[in-house]
A.B. asks: 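Please read through the structure below; I'll follow up with questions.
Residue numbering restarts at 1 for every chain, and letters A, B, ... go by the order of the sequence lines.
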Amino acid sequence: MSKPATPQAVRGTQDMLGEAAERFQTVVATFDRLRPLYGFGRVEVPVFEATAVFARSLGETTDVVSKEMYSFEDRGGDSLTLRPEFTAGLARAYLTEGWQRHAPLKIATHGPLFRYERPQKGRFRQFHQLDAEVIGAAEPAADVELLVLAAHLLDELGVAEGVTLTLNTLGDADTRDAWRTALVAHFEAHRDALSEESLDRLARNPLRILDSKDPRDRPVADAAPAIDDYMSAEAGAFFEKVTGGLDAAGVAWTRNARLVRGLDYYRHTAFEFVTDRLGAQGTVLGGGRYDGLIETLGGPATPAVGWAAGIERLAMLIDTPKPEHVTVALVPMGPAAEAAAIGLLAGLRRQGIAADMAYKGNMKKRMHKADASGARFAVILGDDELAKGEAAVKDLANGSQTWVRLDALAAAVRH
RNA sequence: GCGGUCGUAGCUCAAUUGGUUAGAGCGCCGGUUUGUGGUACCGGAGGUUGCGGGUUCAAUCCCCGUCGAUCGCCCCA
């Protein structure tokens, strides 16, 4: 009989154990700890949606929609897509669940997202994000609140020092249109100087030429008209309230007038927290205001702002988390002791003490496992101890050993 | 979708210009020690060298393809 071939993990997916899993969990737990401090409620939304949810909201010409979506037909012939981002699905839920009545709605979620891309450092086909949104608020105070939360999160994770907040405004619709027209005119006038890729961008998404990494593009991009020259009074005032709020909250920021966002729906505030510690993937958290999105999904004009942060990217930046380990390892000897130890184990755990017991093995083996587990104490239970109603408690750090009554066990190992 | 580098034991890596039974450390299993771990010593298991094809008397090594990893481009968290 030949052995069956082992199926491989799908490209761009990850299996995490030990430190990798602890890093991931640390990021998520930190987010979950801060979220309620800002009054953001946890929401759950589906991992897949009707394809139109993403195709319409992200913009048909974006790479995410044109070549990176995991789309498939279900048995009824409907086109479905594994979510490539959170915002569109949350906006859909806001409309179809009647969440308008809660506006302004402050919500947060986290989970897996899917994009068909070539994996590289900090980039996966199934990746994970934290996400926070305020839907139904046109006030710059919402932008500020989200940015303060983001900065607080990075600070709590201990990565704030290597990460800087870069901030820009794309203006309101009028500003953005006027600026865009001027940009296109500028780039058209210098098209012989642009890279092939930027010529392609000129047709699809001219704003992206501004942050091109190609040195050939830099002179033309750097000479391009600035949005500030086209800024309406309202849009300018909005941006000033955002930056003023950040200053008041003590959040450091840098203006990057060339920061644009990849997805079509952004207006006004756009921001990225960037680092140089992740190779080509510098963005660790990004977002902005998307006042136009909900209308593209057939809803009423609804202002909204939000951000998402890459959990894997953050997990790579944080310090090594302290590994989890139990306090007590039970070491029973013989069938009678083992039976009694099952009761002791359950009792310790019910009293909130982390305890473990190997499924099998003689004393030597169990002691070895106790040591390897990182437990502080080995609780040794043999027939002699059992007869006396006690157990030997050995401190694995210094080797000292004392005998304590079984009913005092929990107290003896609680420190 | 495009380009660079790399795939040898569970893990990290060796293996002279292509040469005979592919090695080591760690880990794992057993023993020295049938009631004491972290140290030490002894022994053992574990490989179709990612997969498929080609060149050659001979391939872990050279060539092609493929899958995967990794880094970058595009794009993005």
Side-chain angles (χ1 to χ4, degrees), chain A residues 2-3 5-14 17-18 27 58 61-68 84-87 110 112-131 150 163 195-198 200-201 204-205 208 211-214 260-263 271-275 278-288 306-317 329 331-334 337 358 361-386 391-401:
Chain A
S2 64
K3 280 169 65 177
T6 303
Q8 298 179 313
V10 174
R11 179 174 212 183
T13 63
Q14 312 171 81
L17 175 71
V27 172
L58 298 181
T61 61
T62 59
D63 275 22
V64 170
V65 170
S66 60
K67 58 181 198 190
E68 293 175 0
E85 58 134 39
F86 275 116
T87 305
H110 61 80
L113 304 163
F114 305 84
R115 287 182 198 171
Y116 193 91
E117 297 187 284
R118 277 287 281 275
Q120 54 180 293
K121 187 181 185 71
R123 160 177 299 177
F124 308 92
R125 286 186 173 179
Q126 177 179 331
F127 60 107
H128 302 79
Q129 288 185 345
L130 312 172
D131 186 277
V163 178
S195 66
E196 310 79 58
E197 276 148 2
S198 282
D200 192 39
R201 291 187 182 109
R204 288 188 0 254
N205 195 351
R208 301 244 39 143
D211 57 6
S212 168
K213 289 180 197 161
D214 194 317
V260 294
R261 306 257 64 214
L263 308 176
F271 54 87
E272 290 182 358
F273 287 78
V274 297
T275 178
L278 287 177
Q281 274 63 246
T283 305
V284 111
L285 184 154
W307 55 250
I311 297 177
E312 287 88 350
R313 292 183 184 178
L314 290 171
M316 285 189 280
L317 293 176
V331 179
M333 288 177 289
N362 58 28
M363 183 182 195
K364 181 184 173 68
K365 226 181 272 295
R366 287 173 187 270
M367 284 300 291
H368 182 75
K369 283 179 182 164
D371 186 53
S373 76
R376 171 75 192 278
F377 299 103
V379 170
I380 301 161
L381 194 66
D383 291 335
D384 296 349
E385 284 84 1
L386 210 48
V393 175
K394 179 165 187 171
D395 186 326
L396 290 171
N398 59 28
S400 67
Q401 185 165 308

A.B. asks: Does B:rC74 have OP1 or OP2 sitting under 4.0 Å from an N or O in the side chain of A:Arg201?
C.D. replies: yes
A.B. asks: Using whole Å, what does the distance between atom C1' of nucleotide B:rC76 and atom CZ of A:Phe86 come to?
C.D. replies: 15 Å
A.B. asks: By a strict heavy-atom criterion of less than 4.0 Å, which residues belonging to residues 367-374 of chain A are in contact with RNA chain B?
C.D. replies: A:Met367, A:His368, A:Asp371
A.B. asks: Look at the side chain of A:Arg123 against the base of B:rG72 and say whether a donor-acceptor pair falls under 3.5 Å; ignore hydrogens and angles.
C.D. replies: no
A.B. asks: Let's test your reading of the pairing rules: Watson-Crick or G-U wobble, both distances under 3.5 Å, then write RNA chain B as a dot-bracket string with ( ), [ ], | and dots.
C.D. replies: (((((((..((((.....[...)))).(((((.......))))).....(((((..]....))))))))))))....
A.B. asks: I'd like the C1' distance from B:rC74 over to B:rU60, given in whole Å.
C.D. replies: 36 Å
A.B. asks: With sequence neighbours excluded, tell me which residues meet ring-ring contact (aromatic ring centres under 6.0 Å, His included) with A:His128.
C.D. replies: A:Phe24
A.B. asks: Pairing donors with acceptors under 3.5 angstrom, does anything connect the side chains of A:Ser400 and A:Asn398?
C.D. replies: yes
A.B. asks: 5'-most contact on RNA chain B: A:Val10 or A:Leu285, nearest heavy atom basis?
C.D. replies: A:Val10
A.B. asks: What's the spacing between A:Arg366 CZ and A:Met363 CE if we round to 0.5 Å?
C.D. replies: 10.5 Å
A.B. asks: Could you measure between the two P atoms, the one in B:rU39 and the one in B:rG23, and give it in whole Å?
C.D. replies: 28 Å
A.B. asks: Within this structure, what is the CG-to-C1' distance between A:Asp211 and B:rC76, rounded to whole angstrom?
C.D. replies: 11 Å
A.B. asks: Take the protein atom CZ of A:Arg366 and the nucleotide atom P of B:rU36, then report the distance between them rounded to whole Å.
C.D. replies: 15 Å
A.B. asks: So, A:Arg376 side chain and A:Ala397 main chain: donor-acceptor pair closer than 3.5 Å or not?
C.D. replies: no
A.B. asks: Less than 4.0 angstrom between a side-chain N/O of A:Arg313 and OP1 or OP2 of B:rA77, yes or no?
C.D. replies: no
A.B. asks: Between the base of B:rG35 and the side chain of A:Glu385, is one N or O donor paired with an acceptor at under 3.5 angstrom?
C.D. replies: yes
A.B. asks: Considering only atom P, compute the distance from B:rA24 to B:rC67 and round it to an integer number of Å.
C.D. replies: 36 Å
A.B. asks: Identify whether any heavy atom of A:Gln120 sits under 4.0 Å from a base atom; if not, whether one sits that close to sugar-phosphate; answer base, sugar-phosphate or nothing.
C.D. replies: base
A.B. asks: With respect to the phosphate group of B:rA69, does any side-chain polar atom (N or O) of A:Arg118 fall under 4.0 Å of OP1 or OP2?
C.D. replies: no
A.B. asks: Is there a donor-acceptor contact under 3.5 Å from the side chain of A:Arg125 to the main chain of A:Arg115?
C.D. replies: no
A.B. asks: In whole Å, what separates the P atom of B:rU33 from that of B:rG38?
C.D. replies: 15 Å
A.B. asks: I'd like to know if A:Lys394 reaches the base of B:rU36 with its side chain such that a donor and an acceptor end up less than 3.5 angstrom apart.
C.D. replies: yes
A.B. asks: Heavy-atom nearest nucleotide on RNA chain B for A:Arg11 versus A:Phe127: which residue maps closer to 5'?
C.D. replies: A:Arg11
A.B. asks: Round to the nearest Å and state the distance from A:Lys121 atom NZ to B:rC74 atom C1'.
C.D. replies: 20 Å
